[in-house]
Amino acid sequence: MAKFKPKPRFKPYNHDQNAMVVINYQDQLQPGTFEHAVHYLIEHKLDLSVFYPKYRNEDTGRLAYDPAILLKIILFAYSRGITSSREMQWCCETNIQFKALSCETVPHFTTLAKFVSGHAEAIEELFEQVLLVCHEQGLLGNELFAIDGCKMSSNASKEWSGTFKELEEKRTKLRRLIRHHLKAHYERDEAETEVELDRDIRRAKTILSLDEALQKVDRFLKTNRPRMGRGKRSKEVKSNITDNESAKMTTSKGTIQGYNGVATVDKKYQVIIDAQAFGEGQEHHTLQPVLETVEARYKKLGIAKNIYQQNTVITADTGFANEANMQYLHERQINGYIPDNKFRSRDPKFQNQKAKYGKRHQNQTNTRWEDMSPDVGGGTGVRQHWHEQGVEPLQPAGPKKGPGSVAALLSGA
DNA sequence: TGGAACGCTCGTTCTTAGCA
DNA sequence: TGCTAAGAACGAGCGTTCCA
């Protein structure tokens, strides 16, 4: 029998209060915070006239939002991981810091989206202005640049990708399917019962959606050319019907359709001096364009005529290691440090890696990793294989989930 | 198990309103 | 009158769920 226990006592509260809260927006932008830095930079350091040519309301027309306001909202949103223009608008309505930055204006999400998409070049120029400010403030050490990449998903499904041969096969398969459904449809054309009629309507819808997919693949094959890989033995790489600039790539969490974002960071204050997106799974080919962009940018901004002759050290991980890159660094006399993919097997520090970390170990070939943890992938012991030659990882066991009908068809599922 | 329907996010386009 | 902002509608794309 449960013992009687008196109700605990809590502090009283009342929703029916008419309290007024006074907020000073300037107090929300405290020196030392990121929002203050964004506000200060845009108001006092950056030349926003790069945005002006796109406006044509000097004499007539409605007043436009000042690029300073839009930039503050967008940059602060990005710093908080918010990239959706609708969410930015919502933040301007509800968030006190956004209100302080936007001076309590609420630009429409289409205005924010248009600003980003319509001023891509000006925004890039602005990045260089920020870099120049960093240089003037002594935030760039130029002693060591670290290069690394991360893989980001694009808004495109990997099921819509393949080589031209594979896509042609998919087109043939779709044609065959449409013929099959049409034949069945004609055979049952004289439907009499409601059930038969309903089935025929469903079949007609299937034919339409298959035809749509067929047209999509067909249009792509007629208007595009096969994408060729780089290197000595360049072979065709998979194209993607939705976003052909992105690429199918292997990550630690499986295969994704996306981009390789490569950033270069100055060691002194971890200032990003270059950021580019490449539609390639391999990082090898991104080293040279990245180094050349940094060099050209430093020359253009007057930071250094030839940055790599100042004994600046370049570091990158094993993803960037190949013979061509080593040759390039050697010829250009760039002081670069890139470990090859067998450095672990030579380094005694990595000998006890398995015993120390348990979950991961590297086998003798150094091209294959195995995740032996039984608690990954729903207790099935997912084995994730990675191979330099581009072999896709095995999918985790369990119920198959994924894209809808046509995409599944295209993937050959 | 395959296919359709649905929900969700996001950007673009078109139309209308507002402003000088 | 001509421009920009705002609002509504639309379409693209993806992933999940439901059902035959």
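Computed from a predicted model, the values in this text were never measured in an experiment. Just so we're on the same page: letters track the sequence lines, and every chain starts at 1.
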Over how many whole Å does the gap from [X] atom [atom1] to [N] atom [atom2] extend?
X	N	atom1	atom2	result
A/Leu70	C/dT4	CG	P	13 Å
A/Tyr55	C/dC3	OH	C1'	12 Å
A/Leu112	B/dT12	CG	P	13 Å
A/Lys114	B/dC14	NZ	C1'	10 Å
A/Phe115	C/dA5	CZ	C1'	15 Å
A/Ile74	B/dC10	CD1	C1'	15 Å
A/Trp90	C/dA6	CH2	C1'	21 Å
A/Phe51	C/dT4	CZ	P	16 Å

In terms of the angle between their ring planes, are A/His44 and A/Tyr40 parallel, tilted or perpendicular, with boundaries placed at 30° and 60°? tilted
Minimum-distance nucleotide (side-chain atoms of [X] versus [options]):
X	options	result
A/His108	C/dT4, B/dG11, C/dG7	C/dG7
A/Ala64	C/dT4, C/dA6, B/dG11	C/dT4
A/Ser84	C/dT4, B/dG11, B/dC10	B/dC10

For A/Asn240 and for A/Pro107, find the nucleotide of DNA chain C with the closest heavy atom, then tell me which residue's nucleotide is more 5'. A/Pro107
Contacts of A/Asp266 meeting side chain to side chain donor-acceptor pair (under 3.5 Å) (sequence neighbours excluded), chain-then-number -> none
Looking across every strand, which nucleic acid part, if any, lies under 4.0 Å from A/Thr110 by heavy atom: base, sugar-phosphate, or nothing? base
Quick check: does any side chain N or O of A/His39 sit under 3.5 Å from a backbone N or O of A/Leu29, one acting as donor and the other as acceptor? no
Output all residues satisfying side chain to side chain contact (heavy atoms under 4.5 Å, CB included) with A/Thr105, sequence neighbours left out; order by chain, then residue number. A/Tyr65, A/Ile69, A/Ser102, A/Pro107
